Asker: 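Mind looking over this structure? Questions follow.
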Amino acid sequence: MRTAPTPDVVRRLQQPEQGPVWRASLLTLALVLVGDVLTPLSAPLSASLPVLLFSSLIVASERLTARLTAVAIIGSVATGLINVLRSGNDTGVLLFHLAVTALTVLSGITATWMARRGASTPDEPLALPDTDVNAPPAERAAHLLAALSGARGHQLHRVESIRDWLARSPHVRPLTAGRVNQRRIPRLPTPVSANTAPLWQDTRGNIYVRLDLPTHGEALVQLVRPSAPPAFILDATHVLQLQLERAALTEQVHLQREVLRDLVYAFSHDLRTPITANILHAEAALSGLYGPLSDPLAEFLRHSQQGNRDLLTVSDQLMLLAEYESGDLTGEAGSAVELGSVIRSVVGDVQLRGRERGIHFELNLTPCTVIGHTYDLRRAVQNLLENAMKFSPPHAFVKVTLRPDRTSALIEVLDQGPGVPESQVPQLFRRYRSSTRGSGTGFGLYLTQRIAERYGGTVTYARTASDHPWTVFQLCLPLAQD
(Lines give C-alpha, C1' and ligand atoms only; values in the text may rest on other atoms or scores of the structure.)
Protein backbone atom coordinates (compact mmCIF):
# COMPACT_ATOMS: atom_id res chain seq x y z
CA MET A 1 0.00 0.00 0.00
CA ARG A 2 1.47 3.33 -1.03
CA THR A 3 1.72 6.07 1.53
CA ALA A 4 1.52 9.77 0.79
CA PRO A 5 4.80 11.69 1.16
CA THR A 6 5.12 13.60 4.39
CA PRO A 7 5.19 17.44 4.30
CA ASP A 8 8.86 17.36 5.32
CA VAL A 9 9.81 15.17 2.35
CA VAL A 10 7.84 17.36 -0.05
CA ARG A 11 9.50 20.48 1.34
CA ARG A 12 12.98 19.02 0.88
CA LEU A 13 12.21 17.98 -2.69
CA GLN A 14 10.89 21.45 -3.55
CA GLN A 15 13.66 23.34 -1.75
CA PRO A 16 16.80 21.19 -1.15
CA GLU A 17 19.39 22.25 1.39
CA GLN A 18 22.46 24.05 0.03
CA GLY A 19 25.10 21.95 1.81
CA PRO A 20 24.40 18.58 0.16
CA VAL A 21 23.86 20.19 -3.26
CA TRP A 22 27.18 22.08 -2.99
CA ARG A 23 29.09 18.94 -2.07
CA ALA A 24 27.44 16.88 -4.80
CA SER A 25 28.15 19.60 -7.40
CA LEU A 26 31.82 19.83 -6.43
CA LEU A 27 32.18 16.06 -6.61
CA THR A 28 30.50 15.94 -10.03
CA LEU A 29 32.66 18.82 -11.27
CA ALA A 30 35.84 17.09 -10.11
CA LEU A 31 34.82 13.83 -11.80
CA VAL A 32 34.06 15.66 -15.06
CA LEU A 33 37.38 17.48 -15.09
CA VAL A 34 39.45 14.42 -14.11
CA GLY A 35 37.59 12.31 -16.63
CA ASP A 36 38.21 14.93 -19.31
CA VAL A 37 41.97 14.71 -18.65
CA LEU A 38 42.09 10.92 -18.50
CA THR A 39 39.85 10.20 -21.51
CA PRO A 40 40.91 10.61 -25.14
CA LEU A 41 40.72 14.03 -26.73
CA SER A 42 37.90 12.84 -28.93
CA ALA A 43 35.56 12.62 -25.87
CA PRO A 44 35.71 16.07 -24.18
CA LEU A 45 33.69 15.79 -20.96
CA SER A 46 34.22 19.45 -20.04
CA ALA A 47 31.55 20.40 -22.56
CA SER A 48 28.97 19.31 -19.92
CA LEU A 49 30.01 22.07 -17.47
CA PRO A 50 27.21 24.53 -18.55
CA VAL A 51 24.64 21.80 -17.86
CA LEU A 52 26.08 21.33 -14.37
CA LEU A 53 25.88 25.05 -13.66
CA PHE A 54 22.22 25.27 -14.68
CA SER A 55 21.39 22.21 -12.57
CA SER A 56 22.52 24.12 -9.46
CA LEU A 57 19.46 26.37 -9.87
CA ILE A 58 17.35 23.82 -7.97
CA VAL A 59 18.62 25.48 -4.77
CA ALA A 60 17.85 29.02 -6.03
CA SER A 61 20.99 30.34 -4.29
CA GLU A 62 22.94 33.10 -5.99
CA ARG A 63 25.97 32.51 -3.77
CA LEU A 64 26.16 28.78 -4.49
CA THR A 65 25.82 29.23 -8.26
CA ALA A 66 28.47 31.99 -8.31
CA ARG A 67 30.96 29.88 -6.32
CA LEU A 68 30.32 26.88 -8.54
CA THR A 69 30.80 29.06 -11.64
CA ALA A 70 34.19 30.29 -10.41
CA VAL A 71 35.36 26.74 -9.71
CA ALA A 72 34.08 25.56 -13.12
CA ILE A 73 35.92 28.35 -14.98
CA ILE A 74 39.20 27.61 -13.17
CA GLY A 75 38.80 23.90 -13.82
CA SER A 76 37.92 24.48 -17.47
CA VAL A 77 41.03 26.62 -18.01
CA ALA A 78 43.26 24.10 -16.24
CA THR A 79 41.80 21.18 -18.15
CA GLY A 80 42.18 23.07 -21.44
CA LEU A 81 45.87 23.76 -20.79
CA ILE A 82 46.51 20.11 -19.98
CA ASN A 83 44.69 18.89 -23.11
CA VAL A 84 46.49 21.41 -25.31
CA LEU A 85 49.86 20.18 -24.01
CA ARG A 86 48.70 16.56 -24.54
CA SER A 87 47.77 17.32 -28.16
CA GLY A 88 51.11 18.95 -28.99
CA ASN A 89 49.70 22.48 -29.22
CA ASP A 90 46.94 21.43 -31.63
CA THR A 91 45.10 24.55 -32.79
CA GLY A 92 41.74 22.73 -33.00
CA VAL A 93 41.96 21.54 -29.39
CA LEU A 94 42.93 25.05 -28.25
CA LEU A 95 39.98 26.66 -30.03
CA PHE A 96 37.62 24.03 -28.70
CA HIS A 97 38.63 24.59 -25.06
CA LEU A 98 38.51 28.35 -25.52
CA ALA A 99 34.92 27.95 -26.75
CA VAL A 100 34.08 25.66 -23.77
CA THR A 101 35.55 28.18 -21.32
CA ALA A 102 33.63 31.07 -22.92
CA LEU A 103 30.42 29.02 -22.84
CA THR A 104 31.07 28.18 -19.19
CA VAL A 105 31.49 31.88 -18.35
CA LEU A 106 28.27 32.84 -20.15
CA SER A 107 26.36 29.94 -18.58
CA GLY A 108 27.63 30.84 -15.11
CA ILE A 109 26.63 34.49 -15.50
CA THR A 110 23.18 33.52 -16.78
CA ALA A 111 22.63 30.93 -14.03
CA THR A 112 23.74 33.38 -11.32
CA TRP A 113 21.34 36.03 -12.65
CA MET A 114 18.49 33.53 -12.72
CA ALA A 115 19.28 32.42 -9.14
CA ARG A 116 19.25 36.05 -7.98
CA ARG A 117 15.91 36.66 -9.69
CA GLY A 118 14.42 33.53 -8.16
CA ALA A 119 15.63 34.49 -4.69
CA SER A 120 14.11 38.00 -4.97
CA THR A 121 10.68 36.66 -5.93
CA PRO A 122 8.38 37.13 -2.92
CA ASP A 123 7.08 33.96 -1.40
CA GLU A 124 3.39 33.21 -1.49
CA PRO A 125 1.53 34.07 1.72
CA LEU A 126 1.23 31.29 4.23
CA ALA A 127 -2.03 29.42 3.70
CA LEU A 128 -3.54 28.54 7.05
CA PRO A 129 -5.77 25.48 7.27
CA ASP A 130 -9.52 25.83 7.54
CA THR A 131 -10.81 25.34 11.05
CA ASP A 132 -14.28 24.58 12.32
CA VAL A 133 -15.77 27.88 13.42
CA ASN A 134 -18.02 26.03 15.86
CA ALA A 135 -15.10 24.33 17.60
CA PRO A 136 -13.90 25.70 20.96
CA PRO A 137 -11.17 28.34 20.73
CA ALA A 138 -8.61 26.05 22.40
CA GLU A 139 -9.10 23.32 19.79
CA ARG A 140 -8.81 25.84 16.94
CA ALA A 141 -5.61 27.24 18.48
CA ALA A 142 -4.13 23.73 18.80
CA HIS A 143 -5.02 22.96 15.16
CA LEU A 144 -3.39 26.17 13.91
CA LEU A 145 -0.30 25.63 16.06
CA ALA A 146 0.15 22.14 14.64
CA ALA A 147 -0.17 23.46 11.07
CA LEU A 148 2.27 26.33 11.66
CA SER A 149 4.87 24.10 13.31
CA GLY A 150 4.72 21.41 10.62
CA ALA A 151 3.70 18.74 13.14
CA ARG A 152 2.53 15.37 11.90
CA GLY A 153 -0.36 15.51 14.32
CA HIS A 154 -1.49 17.08 17.56
CA GLN A 155 -3.47 16.35 20.67
CA LEU A 156 -5.01 18.68 23.23
CA HIS A 157 -4.65 17.65 26.88
CA ARG A 158 -6.87 19.45 29.38
CA VAL A 159 -5.18 19.24 32.76
CA GLU A 160 -5.96 20.65 36.17
CA SER A 161 -2.29 21.11 37.08
CA ILE A 162 0.63 21.02 34.64
CA ARG A 163 3.02 20.34 37.53
CA ASP A 164 1.16 17.15 38.48
CA TRP A 165 0.91 16.06 34.85
CA LEU A 166 4.65 16.52 34.32
CA ALA A 167 5.37 14.62 37.53
CA ARG A 168 3.50 11.65 36.10
CA SER A 169 5.39 11.91 32.78
CA PRO A 170 9.09 11.17 33.45
CA HIS A 171 9.88 11.00 29.73
CA VAL A 172 9.02 14.70 29.28
CA ARG A 173 11.75 17.22 29.99
CA PRO A 174 11.82 21.04 29.68
CA LEU A 175 13.66 22.63 26.78
CA THR A 176 16.54 24.82 27.91
CA ALA A 177 16.58 28.53 27.16
CA GLY A 178 19.48 28.08 24.74
CA ARG A 179 17.62 25.52 22.64
CA VAL A 180 14.46 27.57 22.60
CA ASN A 181 16.12 30.86 21.64
CA GLN A 182 18.73 29.23 19.39
CA ARG A 183 21.31 31.90 20.19
CA ARG A 184 24.89 31.43 19.05
CA ILE A 185 26.19 33.92 21.60
CA PRO A 186 27.82 32.08 24.51
CA ARG A 187 25.89 32.43 27.71
CA LEU A 188 26.04 30.97 31.18
CA PRO A 189 23.86 27.89 31.63
CA THR A 190 20.82 28.60 33.76
CA PRO A 191 18.73 25.93 35.45
CA VAL A 192 15.27 25.53 33.97
CA SER A 193 12.55 24.05 36.12
CA ALA A 194 9.46 22.29 34.85
CA ASN A 195 7.30 25.15 36.09
CA THR A 196 9.11 27.99 34.29
CA ALA A 197 9.98 26.26 31.01
CA PRO A 198 7.99 27.58 28.02
CA LEU A 199 8.18 24.28 26.11
CA TRP A 200 8.71 20.63 26.91
CA GLN A 201 9.96 17.74 24.78
CA ASP A 202 9.81 13.97 25.16
CA THR A 203 12.21 11.27 23.98
CA ARG A 204 10.28 10.80 20.72
CA GLY A 205 10.78 14.41 19.57
CA ASN A 206 7.26 15.55 20.45
CA ILE A 207 6.94 19.09 21.82
CA TYR A 208 4.42 20.13 24.47
CA VAL A 209 3.13 23.70 24.60
CA ARG A 210 1.20 25.27 27.44
CA LEU A 211 -1.96 27.30 26.76
CA ASP A 212 -3.78 29.34 29.38
CA LEU A 213 -7.53 29.04 28.86
CA PRO A 214 -9.29 32.03 30.43
CA THR A 215 -12.01 30.82 32.82
CA HIS A 216 -11.17 27.19 31.87
CA GLY A 217 -7.78 26.53 33.48
CA GLU A 218 -4.79 25.24 31.53
CA ALA A 219 -4.13 22.92 28.60
CA LEU A 220 -1.16 21.23 26.96
CA VAL A 221 -0.87 20.93 23.19
CA GLN A 222 1.14 17.90 22.09
CA LEU A 223 2.81 18.50 18.73
CA VAL A 224 3.89 15.25 17.09
CA ARG A 225 7.47 15.68 15.81
CA PRO A 226 7.19 19.28 14.51
CA SER A 227 9.64 20.47 11.86
CA ALA A 228 9.69 24.12 12.96
CA PRO A 229 12.38 25.29 15.42
CA PRO A 230 11.37 25.75 19.07
CA ALA A 231 11.80 29.54 18.86
CA PHE A 232 9.18 29.74 16.08
CA ILE A 233 6.79 27.49 18.00
CA LEU A 234 7.17 29.71 21.07
CA ASP A 235 6.42 32.88 19.05
CA ALA A 236 3.38 31.25 17.46
CA THR A 237 2.17 30.19 20.90
CA HIS A 238 2.38 33.77 22.19
CA VAL A 239 0.29 35.03 19.25
CA LEU A 240 -2.33 32.31 19.68
CA GLN A 241 -2.45 32.97 23.43
CA LEU A 242 -3.40 36.59 22.71
CA GLN A 243 -6.13 35.39 20.39
CA LEU A 244 -7.48 33.07 23.11
CA GLU A 245 -7.65 35.93 25.57
CA ARG A 246 -9.37 38.12 23.01
CA ALA A 247 -11.91 35.39 22.23
CA ALA A 248 -12.66 34.98 25.94
CA LEU A 249 -13.13 38.72 26.36
CA THR A 250 -15.42 38.88 23.33
CA GLU A 251 -17.49 35.98 24.66
CA GLN A 252 -17.82 37.69 28.02
CA VAL A 253 -18.91 40.97 26.40
CA HIS A 254 -21.53 39.17 24.28
CA LEU A 255 -22.84 37.40 27.38
CA GLN A 256 -23.13 40.64 29.30
CA ARG A 257 -24.88 42.32 26.39
CA GLU A 258 -27.37 39.48 26.16
CA VAL A 259 -28.08 39.74 29.89
CA LEU A 260 -28.60 43.50 29.67
CA ARG A 261 -30.82 43.11 26.62
CA ASP A 262 -32.98 40.52 28.38
CA LEU A 263 -33.27 42.78 31.41
CA VAL A 264 -34.34 45.72 29.24
CA TYR A 265 -36.87 43.58 27.40
CA ALA A 266 -38.33 42.28 30.65
CA PHE A 267 -38.40 45.75 32.21
CA SER A 268 -40.02 47.36 29.17
CA HIS A 269 -42.57 44.58 28.78
CA ASP A 270 -43.59 44.62 32.46
CA LEU A 271 -43.68 48.43 32.43
CA ARG A 272 -46.23 48.68 29.63
CA THR A 273 -49.10 47.01 31.51
CA PRO A 274 -49.35 49.40 34.49
CA ILE A 275 -48.65 52.43 32.30
CA THR A 276 -51.43 51.51 29.88
CA ALA A 277 -53.79 50.93 32.82
CA ASN A 278 -53.02 54.39 34.25
CA ILE A 279 -53.65 56.02 30.87
CA LEU A 280 -57.03 54.28 30.52
CA HIS A 281 -58.09 55.19 34.06
CA ALA A 282 -57.16 58.81 33.49
CA GLU A 283 -59.11 58.91 30.22
CA ALA A 284 -62.13 57.38 31.93
CA ALA A 285 -61.98 59.92 34.75
CA LEU A 286 -61.60 62.86 32.37
CA SER A 287 -64.57 61.63 30.33
CA GLY A 288 -66.79 61.84 33.46
CA LEU A 289 -67.12 58.14 34.16
CA TYR A 290 -66.44 58.72 37.88
CA GLY A 291 -68.46 61.90 38.17
CA PRO A 292 -67.62 65.58 37.86
CA LEU A 293 -64.02 66.65 38.51
CA SER A 294 -62.68 69.88 39.88
CA ASP A 295 -60.45 71.91 37.60
CA PRO A 296 -57.24 71.26 39.59
CA LEU A 297 -57.96 67.50 39.63
CA ALA A 298 -58.69 67.45 35.88
CA GLU A 299 -55.46 69.35 35.22
CA PHE A 300 -53.57 66.89 37.41
CA LEU A 301 -55.03 63.92 35.53
CA ARG A 302 -54.09 65.44 32.18
CA HIS A 303 -50.50 65.92 33.33
CA SER A 304 -50.47 62.41 34.73
CA GLN A 305 -51.81 61.05 31.46
CA GLN A 306 -49.15 62.91 29.50
CA GLY A 307 -46.42 61.61 31.81
CA ASN A 308 -47.63 58.04 31.37
CA ARG A 309 -47.64 58.48 27.59
CA ASP A 310 -44.04 59.68 27.82
CA LEU A 311 -43.14 56.63 29.88
CA LEU A 312 -44.80 54.41 27.29
CA THR A 313 -42.71 56.09 24.60
CA VAL A 314 -39.57 55.54 26.67
CA SER A 315 -40.49 51.86 27.06
CA ASP A 316 -40.84 51.46 23.28
CA GLN A 317 -37.57 53.28 22.69
CA LEU A 318 -35.76 51.12 25.24
CA MET A 319 -36.88 47.90 23.57
CA LEU A 320 -35.89 49.13 20.12
CA LEU A 321 -32.60 50.56 21.38
CA ALA A 322 -31.73 47.27 23.09
CA GLU A 323 -32.33 45.49 19.80
CA TYR A 324 -30.04 47.87 17.92
CA GLU A 325 -27.31 47.92 20.57
CA SER A 326 -27.19 44.12 20.81
CA GLY A 327 -26.82 43.80 17.03
CA ASP A 328 -29.73 41.34 16.93
CA LEU A 329 -31.26 42.65 13.71
CA THR A 330 -31.66 39.33 11.92
CA GLY A 331 -35.40 39.56 11.51
CA GLU A 332 -37.42 39.65 8.31
CA ALA A 333 -36.08 41.60 5.34
CA GLY A 334 -37.44 45.06 4.81
CA SER A 335 -40.28 45.72 2.41
CA ALA A 336 -41.48 48.68 0.37
CA VAL A 337 -42.84 51.43 2.64
CA GLU A 338 -44.59 54.58 1.43
CA LEU A 339 -43.25 57.35 3.63
CA GLY A 340 -46.17 59.70 3.06
CA SER A 341 -48.65 57.35 4.74
CA VAL A 342 -46.21 56.74 7.60
CA ILE A 343 -45.85 60.49 8.25
CA ARG A 344 -49.64 61.07 8.15
CA SER A 345 -50.18 58.22 10.59
CA VAL A 346 -47.57 59.56 13.03
CA VAL A 347 -48.95 63.12 12.79
CA GLY A 348 -52.41 61.76 13.58
CA ASP A 349 -51.04 60.09 16.73
CA VAL A 350 -49.16 63.12 18.07
CA GLN A 351 -51.58 65.81 16.89
CA LEU A 352 -53.84 65.46 19.91
CA ARG A 353 -51.03 66.34 22.29
CA GLY A 354 -49.95 69.15 19.99
CA ARG A 355 -53.37 70.77 20.10
CA GLU A 356 -53.15 71.07 23.89
CA ARG A 357 -50.33 73.61 23.34
CA GLY A 358 -51.80 75.07 20.19
CA ILE A 359 -49.20 73.41 17.89
CA HIS A 360 -50.30 73.16 14.25
CA PHE A 361 -48.81 70.84 11.64
CA GLU A 362 -48.27 71.88 8.07
CA LEU A 363 -47.66 68.96 5.70
CA ASN A 364 -46.18 69.05 2.21
CA LEU A 365 -45.71 65.45 1.16
CA THR A 366 -44.63 64.04 -2.18
CA PRO A 367 -45.05 60.25 -2.50
CA CYS A 368 -41.75 58.43 -1.85
CA THR A 369 -41.16 54.71 -1.35
CA VAL A 370 -38.21 53.25 0.56
CA ILE A 371 -37.18 49.77 1.70
CA GLY A 372 -37.41 49.18 5.44
CA HIS A 373 -39.58 48.16 8.36
CA THR A 374 -42.65 50.26 9.05
CA TYR A 375 -42.19 50.14 12.82
CA ASP A 376 -38.60 51.46 12.63
CA LEU A 377 -39.48 54.24 10.22
CA ARG A 378 -42.51 55.26 12.34
CA ARG A 379 -40.28 55.48 15.41
CA ALA A 380 -37.71 57.63 13.58
CA VAL A 381 -40.35 60.07 12.32
CA GLN A 382 -42.13 60.12 15.68
CA ASN A 383 -38.91 61.00 17.52
CA LEU A 384 -38.37 63.99 15.22
CA LEU A 385 -41.98 65.20 15.55
CA GLU A 386 -42.09 64.83 19.33
CA ASN A 387 -38.78 66.65 19.61
CA ALA A 388 -40.16 69.50 17.46
CA MET A 389 -43.37 69.75 19.50
CA LYS A 390 -41.52 69.73 22.81
CA PHE A 391 -39.36 72.75 21.97
CA SER A 392 -41.77 74.75 19.84
CA PRO A 393 -43.32 77.81 21.48
CA PRO A 394 -47.11 77.66 22.10
CA HIS A 395 -49.36 78.31 19.09
CA ALA A 396 -46.52 77.72 16.63
CA PHE A 397 -46.25 75.75 13.39
CA VAL A 398 -44.33 72.53 12.78
CA LYS A 399 -43.64 71.96 9.10
CA VAL A 400 -43.13 68.47 7.72
CA THR A 401 -42.00 68.02 4.11
CA LEU A 402 -41.29 64.91 2.07
CA ARG A 403 -39.69 65.08 -1.35
CA PRO A 404 -37.45 62.99 -3.61
CA ASP A 405 -33.89 64.14 -4.27
CA ARG A 406 -32.21 62.07 -6.99
CA THR A 407 -31.85 58.63 -5.38
CA SER A 408 -32.97 59.64 -1.87
CA ALA A 409 -36.14 60.55 -0.01
CA LEU A 410 -35.80 63.63 2.20
CA ILE A 411 -37.96 64.13 5.29
CA GLU A 412 -37.59 67.57 6.86
CA VAL A 413 -39.12 68.57 10.19
CA LEU A 414 -38.99 72.33 10.85
CA ASP A 415 -39.95 74.06 14.09
CA GLN A 416 -39.62 77.55 15.56
CA GLY A 417 -37.88 76.47 18.73
CA PRO A 418 -34.69 77.99 20.16
CA GLY A 419 -32.41 75.50 18.45
CA VAL A 420 -29.29 73.86 19.85
CA PRO A 421 -26.31 75.84 21.19
CA GLU A 422 -23.29 75.61 18.92
CA SER A 423 -21.18 74.02 21.64
CA GLN A 424 -23.65 71.15 21.98
CA VAL A 425 -24.26 70.37 18.29
CA PRO A 426 -21.45 67.73 18.08
CA GLN A 427 -23.11 65.77 20.95
CA LEU A 428 -26.65 66.07 19.55
CA PHE A 429 -26.90 62.51 18.19
CA ARG A 430 -24.97 60.80 20.97
CA ARG A 431 -26.45 58.59 23.65
CA TYR A 432 -27.51 60.11 26.97
CA ARG A 433 -26.35 63.58 26.08
CA SER A 434 -27.23 66.54 28.26
CA SER A 435 -28.31 69.62 26.34
CA THR A 436 -30.80 72.44 26.41
CA ARG A 437 -32.75 71.04 23.49
CA GLY A 438 -33.58 67.37 23.32
CA SER A 439 -32.97 66.91 27.06
CA GLY A 440 -35.58 64.19 27.44
CA THR A 441 -34.61 60.55 27.57
CA GLY A 442 -31.25 61.25 25.95
CA PHE A 443 -31.50 58.66 23.19
CA GLY A 444 -34.42 59.70 20.95
CA LEU A 445 -32.25 61.37 18.31
CA TYR A 446 -29.55 58.74 18.78
CA LEU A 447 -32.08 56.01 18.03
CA THR A 448 -33.26 57.93 14.97
CA GLN A 449 -29.68 58.05 13.72
CA ARG A 450 -29.24 54.29 14.27
CA ILE A 451 -32.43 53.59 12.32
CA ALA A 452 -31.28 55.82 9.47
CA GLU A 453 -27.86 54.10 9.37
CA ARG A 454 -29.50 50.66 9.29
CA TYR A 455 -31.23 51.51 6.03
CA GLY A 456 -28.29 53.39 4.51
CA GLY A 457 -29.49 56.89 5.35
CA THR A 458 -28.49 59.87 7.49
CA VAL A 459 -30.07 62.38 9.87
CA THR A 460 -28.73 65.92 10.20
CA TYR A 461 -29.44 69.13 12.10
CA ALA A 462 -29.37 72.68 10.71
CA ARG A 463 -30.54 76.18 11.56
CA THR A 464 -31.84 78.55 8.90
CA ALA A 465 -30.36 82.03 8.62
CA SER A 466 -33.20 84.56 8.82
CA ASP A 467 -34.82 87.04 11.20
CA HIS A 468 -37.08 84.23 12.46
CA PRO A 469 -34.89 81.15 12.04
CA TRP A 470 -36.22 77.62 11.85
CA THR A 471 -34.71 74.49 13.34
CA VAL A 472 -34.42 71.80 10.65
CA PHE A 473 -33.95 68.08 11.18
CA GLN A 474 -33.49 66.20 7.91
CA LEU A 475 -33.87 62.43 7.57
CA CYS A 476 -32.44 61.08 4.30
CA LEU A 477 -33.25 57.52 3.15
CA PRO A 478 -32.47 55.74 -0.14
CA LEU A 479 -35.40 55.46 -2.52
CA ALA A 480 -36.61 51.98 -3.44
CA GLN A 481 -35.37 50.86 -6.85
CA ASP A 482 -38.08 50.08 -9.41
Side-chain angles (χ1 to χ4, degrees), residues 272 275-276 278-289 292-318 340-365 377-402 411-421 424-425 428-429 433-448 459 461-464 466-475:
R272 293 179 63 86
I275 291 176
T276 304
N278 289 337
I279 293 175
L280 294 177
H281 285 306
E283 288 181 354
L286 290 173
S287 64
L289 181 63
L293 303 174
S294 61
D295 291 341
L297 181 57
E299 184 67 19
F300 170 78
L301 288 177
R302 279 191 289 269
H303 284 293
S304 175
Q305 190 179 39
Q306 181 59 43
N308 281 287
R309 288 197 184 103
D310 292 339
L311 285 176
L312 195 61
T313 300
V314 172
S315 175
D316 293 339
Q317 289 181 338
L318 278 175
S341 60
V342 171
I343 295 174
R344 291 187 182 92
S345 176
V346 175
V347 170
D349 293 340
V350 302
Q351 198 168 24
L352 181 61
R353 283 175 285 169
R355 288 175 181 173
E356 297 175 357
R357 299 182 56 243
I359 303 297
H360 301 280
F361 289 91
E362 181 179 322
L363 305 182
N364 183 11
L365 308 179
L377 298 176
R378 278 183 56 86
R379 172 53 57 190
V381 174
Q382 184 173 343
N383 288 343
L384 296 180
L385 292 181
E386 289 179 346
N387 190 66
M389 286 194 309
K390 183 183 298 184
F391 297 97
S392 292
H395 309 290
F397 281 90
V398 173
K399 297 181 180 181
V400 183
T401 64
L402 171 63
I411 301 175
E412 291 182 339
V413 178
L414 297 83
D415 65 78
Q416 296 174 302
V420 181
Q424 298 178 1
V425 171
L428 187 60
F429 296 99
R433 70 196 179 281
S434 176
S435 63
T436 302
R437 181 187 174 97
S439 58
T441 61
F443 49 75
L445 292 178
Y446 171 75
L447 183 57
T448 301
V459 58
Y461 161 82
R463 186 80 172 162
T464 62
S466 62
D467 294 337
H468 301 283
W470 291 78
T471 298
V472 183
F473 282 92
Q474 185 182 85
L475 177 61

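Since this is a predicted model, take the numbers as computed values, not measurements. Note that these values count all heavy atoms, side chains included, but never hydrogens, waters or copies made by symmetry. This chain uses plain numbering: 1 for the first residue, then up along the sequence.
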Asker: Given Gln351 and Arg355, is the side-chain contact (heavy atoms from CB on, under 4.5 Å) satisfied, shown in steps?
Answerer: CA-CA 6 Å; Gln351 198 168 24; Arg355 288 175 181 173; 3.8 Å; yes
Asker: I'd like to check the ring pair (Phe, Tyr, Trp, His ring centres under 6.0 Å) partners of His281; sequence neighbours left out, ordered by chain and number.
Answerer: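 Residues passing ring pair (Phe, Tyr, Trp, His ring centres under 6.0 Å) with His281: none at all.
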Asker: Using the ring pair (Phe, Tyr, Trp, His ring centres under 6.0 Å) criterion, which residues pair with Phe300? Sequence neighbours excluded.
Answerer: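 If we apply the ring pair (Phe, Tyr, Trp, His ring centres under 6.0 Å) test to Phe300, skipping adjacent residues, there are no hits.
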Asker: Listed by chain and number, what are the side-chain hydrogen bond (donor to acceptor under 3.5 Å, both in side chains) partners of Glu356, not counting sequence neighbours?
Answerer: none
Asker: Residues in side chain to side chain contact (heavy atoms under 4.5 Å, CB included) with Glu299, at least two apart?
Answerer: Arg302, His303
Asker: When rounded to the nearest 0.5 angstrom, what distance separates NZ in Lys390 from CG in Asp415?
Answerer: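 Between atom NZ of Lys390 and atom CG of Asp415 there are 12.0 Å.
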Asker: Evaluate the ring planes of Phe397 and His360, with Trp represented by its six-membered ring, and classify them as parallel (under 30°), tilted (30 to 60°) or perpendicular (over 60°).
Answerer: tilted
Asker: Checking Arg357 now: which residues fulfil side chain to side chain contact (heavy atoms under 4.5 Å, CB included) with it, not counting sequence neighbours?
Answerer: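 By the side chain to side chain contact (heavy atoms under 4.5 Å, CB included) rule, Arg357 matches Ile359, Pro394.
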Asker: Mind listing the closest non-hydrogen atom pair of Phe391 and Pro418 along with its distance?
Answerer: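 That closest heavy-atom pairing would be O-CD, 3.4 Å.
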Asker: Looking at Phe429 and Tyr446, what are the two nearest heavy atoms and their distance?
Answerer: O-CD1, 3.3 Å
Asker: Under a 4.5 Å cut-off applied to non-hydrogen side-chain atoms, are Met389 and Val350 in contact?
Answerer: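 A side-chain contact exists here, since the closest heavy-atom pair is under 4.5 Å.
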Asker: Decide side-chain contact (heavy atoms from CB on, under 4.5 Å) for Arg344 and Phe361; before the verdict, give the C-alpha distance in whole Å, the side-chain angles of both, and the deciding distance to 0.1 Å.
Answerer: CA-CA 10 Å; Arg344 291 187 182 92; Phe361 289 91; over 6 Å; no
Asker: Check for a donor-acceptor pair, side chain of Asn387 on one end and backbone N or O of Asn383 on the other, with a separation under 3.5 Å.
Answerer: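 Checked: no pair found.
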Asker: Taking only residues two or more places apart in sequence, or in another chain, which ones meet Ala285 in a side chain to side chain contact (heavy atoms under 4.5 Å, CB included)?
Answerer: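 Side chain to side chain contact (heavy atoms under 4.5 Å, CB included) check on Ala285 returns Tyr290, Leu293, Leu301.
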Asker: Is it the case that the side chain of Ser345 and the backbone of Val342 share a donor-acceptor pair, with hydrogens and angles ignored and the cut-off at 3.5 Å?
Answerer: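 Not a single qualifying donor-acceptor pair exists.
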Asker: Testing the basics here: between Gly340 and Leu365, what is the closest heavy-atom pair and its distance to 0.1 Å?
Answerer: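 Looking at all heavy atoms of both residues, the shortest contact is O-CD1, 3.9 Å.
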Asker: By side-chain hydrogen bond (donor to acceptor under 3.5 Å, both in side chains), which residues pair with Ser341, not counting sequence neighbours?
Answerer: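 Expected list: none.
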Asker: Going by the salt bridge (Lys or Arg N to Asp or Glu O under 4.0 Å) test, which pairs reach into residues 393-402, not counting sequence neighbours?
Answerer: none
Asker: Would you name the heavy atoms of Ala380 and Thr448 that are closest together and state the gap between them?
Answerer: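 That would be O-OG1, 3.7 Å.
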Asker: For Leu384 and Leu445: C-alpha separation, side-chain torsions, deciding distance, then whether side-chain contact (heavy atoms from CB on, under 4.5 Å) applies.
Answerer: CA-CA 7 Å; Leu384 296 180; Leu445 292 178; 3.8 Å; yes
Asker: Where do Thr471 and Arg463 land on the side-chain contact (heavy atoms from CB on, under 4.5 Å) test, with the steps shown first?
Answerer: CA-CA 5 Å; Thr471 298; Arg463 186 80 172 162; 2.4 Å; yes
Asker: What is the minimum heavy-atom distance between Leu428 and Phe473, and which atoms define it?
Answerer: CD2-CE2, 3.8 Å
Asker: Do side-chain atoms of Thr464 reach the backbone of Trp470 as a donor and acceptor pair under 3.5 angstrom?
Answerer: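 Looks like yes, one N/O pair under 3.5 Å.
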Asker: For Gln416, check side-chain hydrogen bond (donor to acceptor under 3.5 Å, both in side chains) against everything at least two apart and list the hits.
Answerer: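 Partners of Gln416 under the side-chain hydrogen bond (donor to acceptor under 3.5 Å, both in side chains) test: none.
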Asker: Atom CG in Asn364, atom CG in Leu414: separation rounded to 0.5 Å?
Answerer: 11.0 Å
